[in-house]
Amino acid sequence: MRPISYLRAEGTDAVDSALRAVGGDPGSDFLAGGTTEVDLLRQNVLGPRRLVDINRLPLADIEDLPDGGLRIGALARMSEVASSPAVQERFPLVSRALVLGASAQLRHMASMGGNMMQRVRCGYYRDGESPCNKREPGAGCAALAGVSRNHAVLGTSEHCIATHPSDVAVPLVALDARIHTRTLEGEHTYAIDDFFLEPGDAPHREHPLTHGELITAIEVPALPMARRSLYLKVRDRESYEFALVSVAAAIEVRDGKVSGVRIALGGVGTRPWRARRAEDALVGGPATTKSFDLAARAELAVARTTPMNAFKPELARRTLVRALETLTADGSPS
Ligand SMILES: Cc1cc2nc3c(=O)[nH]c(=O)nc-3n(C[C@H](O)[C@H](O)[C@H](O)COP(=O)(O)OP(=O)(O)OC[C@H]3O[C@@H](n4cnc5c(N)ncnc54)[C@H](O)[C@@H]3O)c2cc1C
């Protein structure tokens with residue numbers, strides 16, 4: 001048994017005391033809902049000697065921004081964000097991605113900041129013993145020749161093919177969200193594109209944060225066309241399951257032509273995958289099934305599969321086409 005100490009950051013100085021406690025000690029981790037941290041601690045994948053509970057920090061509000069965007073506190077729970085009227089009305093793709101993630105109990109516990117920092121679901125990473133470059137740099141990757149049905153086909157490297165697991169990060173990538181953080185030195189803002197890293201030859205680096213850097217909020221800029229948007233998730237069973245493929249999409253059509261579009265894919269990338277090739281192929285062209293199909297093919301042309309996940313590009317193509325057809329059909333998105 002490994003002893004772990006516990007510190008609750010609270011009081012008027014709570015944010016600074018949490019920053020001091022974790023920033024000054026490589027053996028300390030932040031604890032929010034604990035739904036990732038405690039799991040991985042039990043499995044000997046993470047080994048903090050101290051947990052610093054941040055649940056009493058004043059970072060749980062969902063605030064309106066003057067331009068119509070939202071600032072979502074890092075400690076807002078997934079369920080609160082999903083049911084927020086402002087999120088449902090302005091960013092239905094965000095609300096839907098949250099509702100389709102995990103289970104009701106988990107969504108009540110899990111925080112938005114913790115969701116951004118959740119770890120991959122690769123069985124070889126999580127068993128705590130198999131060779132895994134993410135867990136132990138240089139150890140090798142057991143997934144490459146192992147069970148890889150759920151693994152990524154975009155953004156992979158010869159060192160790691162683990163899929164990024166977050167649902168809500170997918171619409172946040174499509175919406176060009178920003179991640180606000182704090183350290184004892186001050187505040188920092190990351191464009192979400194810079195926040196999730198591809199594995200390359202350093203799969204253990206999943207984001208650019210330094211140890212002890214605290215996510216304080218996620219900012220979602222206004223995007224009027226997102227009022228008509230969706231998140232479509234395909235998985236092996238209807239609930240309590242990670243995506244095989246998911247699509248977050250918003251599209252604006254004028255006179256039959258695509259005047260604006262945002263697309264991101266989940267379940268297929270080593271990071272929540274912004275489908276820029278598909279977006280570029282669509283803008284200015286006709287909003288037809290044929291062009292949706294060509295755009296999806298353009299995006300997925302660079303997919304690299306294993307024998308077990310070779311079905312994913314085709315599943316992603318079909319899901320993307322269906323998402324865009326649904327959004328451009330009369331009536332509301334399903
Ligand atoms: C059975 C199960 C099924 C799930 N299914 C899904 C699913 O379908 N879709 C999906 O998207 N997710 C799913 N999840 C993952 C879940 O959404 C995450 O575990 C959760 O969002 C993490 O939030 P938390 O507050 O519990 O984080 P914690 O477990 O407390 O923390 C996670 C990590 O983030 C760090 N951290 C936490 N908050 C901050 C902060 N503010 N700043 C910096 N670092 C921080 C912690 O130190 C820790 O390393 C599932 C989880 C489980 C256990």
Side-chain angles (χ1 to χ4, degrees), residues 4 6-9 14-15 18-19 21-23 25-43 45-60 72-82 94 96-121 126 150 163-173 179-183 187-188 190 195-196 206-218 231 233-246 248 266-267 272:
I4 294 166
Y6 170 87
L7 173 76
R8 177 183 282 150
V15 173
L19 292 174
V22 178
D25 174 11
S28 287
D29 274 352
F30 296 122
L31 180 71
T35 63
T36 284
E37 184 75 19
V38 175
D39 260 13
L40 294 181
L41 203 150
R42 286 197 186 118
Q43 289 167 264
V45 175
L46 298 179
R49 291 186 307 272
R50 179 168 67 165
L51 291 176
V52 177
D53 186 337
I54 57 173
N55 286 291
R56 297 211 176 156
L57 271 48
L59 301 174
I72 301 170
L75 286 167
R77 305 292 147 170
M78 289 170 67
S79 54
E80 289 163 356
V81 179
V94 171
R96 195 74 188 135
L98 286 164
V99 166
L100 294 177
S103 65
Q105 291 93 333
L106 283 160
R107 293 193 293 272
H108 286 317
M109 286 296 291
S111 65
M112 292 296 287
N115 193 303
M116 298 301 99
M117 299 292 284
Q118 67 174 290
R119 307 303 204 279
V120 297
R121 309 304 290 192
R126 289 195 163 237
N150 293 327
T163 310
H164 196 278
S166 172
D167 281 297
V168 72
V170 179
L172 292 175
V173 161
I179 310 281
H180 294 280
T181 66
R182 259 188 76 176
T183 63
E187 298 183 358
H188 193 82
Y190 297 89
F195 186 80
F196 296 109
E206 299 184 329
H207 49 72
L209 302 191
T210 54
H211 179 76
E213 189 166 352
L214 178 74
I215 299 176
T216 51
I218 299 165
Y231 183 74
K233 180 173 179 179
V234 179
R235 47 192 162 166
D236 279 329
R237 55 180 182 202
E238 258 309 292
S239 74
Y240 202 24
E241 185 56 281
F242 289 87
L244 283 172
V245 168
S246 68

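In each ligand, atom 1 is the first atom listed, and ligand 1 is the first ligand listed.
- Where the criterion is an N or O separation shorter than 3.5 Å, residue side chain and backbone included, Ser111 meets it with respect to ligand 1.
- Side-chain contact between Val94 and Val168 is present, with at least one heavy-atom pair separated by less than 4.5 Å.
- In the candidate list Gly34, Gly114, Ala102, Ala102 is nearest to atom 7 (C) of ligand 1, counting heavy atoms.
- Contact analysis puts Lys233 in contact with ligand 1, with a non-hydrogen atom separation below 4.0 angstrom.
- Heavy atoms of Arg119 approach ligand 1 to within less than 4.0 angstrom.
- Near Leu214, meaning under 4.0 Å from any of its heavy atoms, are these atoms of ligand 1: 40 (C), 41 (N), 42 (N).
- Annotation: the span from Asn150 atom CG to Leu244 atom CG amounts to 6.0 Å, rounded to 0.5 Å.
- Between Tyr240 and ligand 1, not a single N/O pair is under 3.5 Å apart.
- The closest protein non-hydrogen atom to atom 9 (N) of ligand 1 is Asp167 OD2, 2.7 Å.
- Residues Glu37 and Asp29 form a side-chain contact, since some pair of their non-hydrogen atoms from C-beta on lies under 4.5 Å apart.
- Note that the CG atom of Asn115 and the CE atom of Met78 stand 5.0 Å from one another [nearest 0.5 Å].
- For ligand 1, the atoms lying closer than 4.0 Å to a non-hydrogen atom of Ala32 are 25 (O), 30 (O), 37 (C), 38 (N).
- The protein heavy-atom contact nearest to atom 41 (N) of ligand 1 is Ile215 O, 3.1 Å.
- Ligand 1 has no atom lying under 4.0 Å from any heavy atom of Met112.
- Taking CD1 of Ile215 as the reference point, atom CZ of Phe30 lies at 9.5 Å (rounded to 0.5 Å).
- No side-chain donor from either of Arg107 and Ser79 sits under 3.5 Å from a side-chain acceptor of the other.
- Nearest residue to atom 16 (C) of ligand 1 from Leu31, Leu59, Thr35 is Thr35 (criterion: closest heavy atom).
- Annotation: Ala110 places no N or O atom under 3.5 Å from an N or O atom of ligand 1; distance criterion only.
- The contact set between ligand 1 and Gly101, taken as ligand atoms under 4.0 Å from a residue heavy atom, comprises 7 (C), 8 (O), 9 (N).
- The one candidate from Thr216, Ile218, Leu172 that meets the side chain to side chain contact (heavy atoms under 4.5 Å, CB included) condition with Ile179 is Ile218.
- Of all protein heavy atoms, the one lying nearest to atom 34 (O) of ligand 1 is Met117 CB, 3.1 Å.
- Within the structure, ligand 1 lacks Arg107 among the residues with a heavy atom less than 4.0 angstrom away.
- The ligand atoms of ligand 1 that sit less than 4.0 angstrom from a heavy atom of Asn115 are 11 (O), 17 (O), 21 (O), 22 (C), 23 (O).
- Between Glu37 and ligand 1, at least one pair of N/O atoms sits closer than 3.5 Å.
- Looking at heavy atoms from C-beta onward, Leu31 lies out of side-chain contact with Val52 at the 4.5 angstrom threshold.
- At least one N or O atom of Phe30, backbone or side chain, sits closer than 3.5 Å to an N or O atom of ligand 1.
- Heavy-atom contacts of Ser166 reach the following atoms of ligand 1: 11 (O) (cutoff under 4.0 Å).
- Using a 4.5 Å heavy-atom cutoff, the side chains of Arg126 and Arg121 are in contact.
- Atoms CE and OG, from Met112 and Ser166 in turn, are 8.0 Å apart once rounded to the nearest 0.5 Å.
- Once rounded to the nearest 0.5 Å, the distance linking OG1 of Thr35 with CG of Leu40 reads 9.5 Å.
- Closest protein heavy atom to atom 2 (C) of ligand 1: Leu106 CD1, 3.4 Å.
- In this structure, OG on Ser246 lies 9.0 Å from CG on Leu100, to the nearest 0.5 angstrom.
- An N or O contact shorter than 3.5 Å is missing between Arg77 and ligand 1 by distance.
- Residues Val99 and Tyr231 fail the side-chain proximity criterion, which asks for heavy atoms closer than 4.5 Å.
- Ile54 counts as a contact of ligand 1, since one of its heavy atoms falls under 4.0 Å from the ligand.
- The protein heavy atom nearest to atom 32 (C) of ligand 1 is Thr36 CB, 3.7 Å.
- By heavy-atom distance, the residue among His164, Gln118, Glu213, Arg121 lying nearest atom 51 (C) of ligand 1 is Arg121.
- Taking distance alone, with nitrogen or oxygen atoms compared against 3.5 Å, Gly33 approaches ligand 1 more closely than that limit.
- For Asp39 and Arg119, the salt-bridge test fails: no basic side-chain N is under 4.0 Å from an acidic carboxylate O.
- Every atom of ligand 1 with a heavy atom of Asp39 under 4.0 Å away is listed here by number and element: 53 (C).
- In this structure, His207 and Phe195 have parallel ring planes: the angle between them is below the 30° cut-off, well short of the 60° mark.
- Nearest to atom 50 (C) of ligand 1 among the protein's heavy atoms is Phe242 CZ, 3.5 Å.
- Here the rule is side chain to side chain contact (heavy atoms under 4.5 Å, CB included) with Leu214, and of Thr181, Leu59, Val22 only Leu59 fits it.
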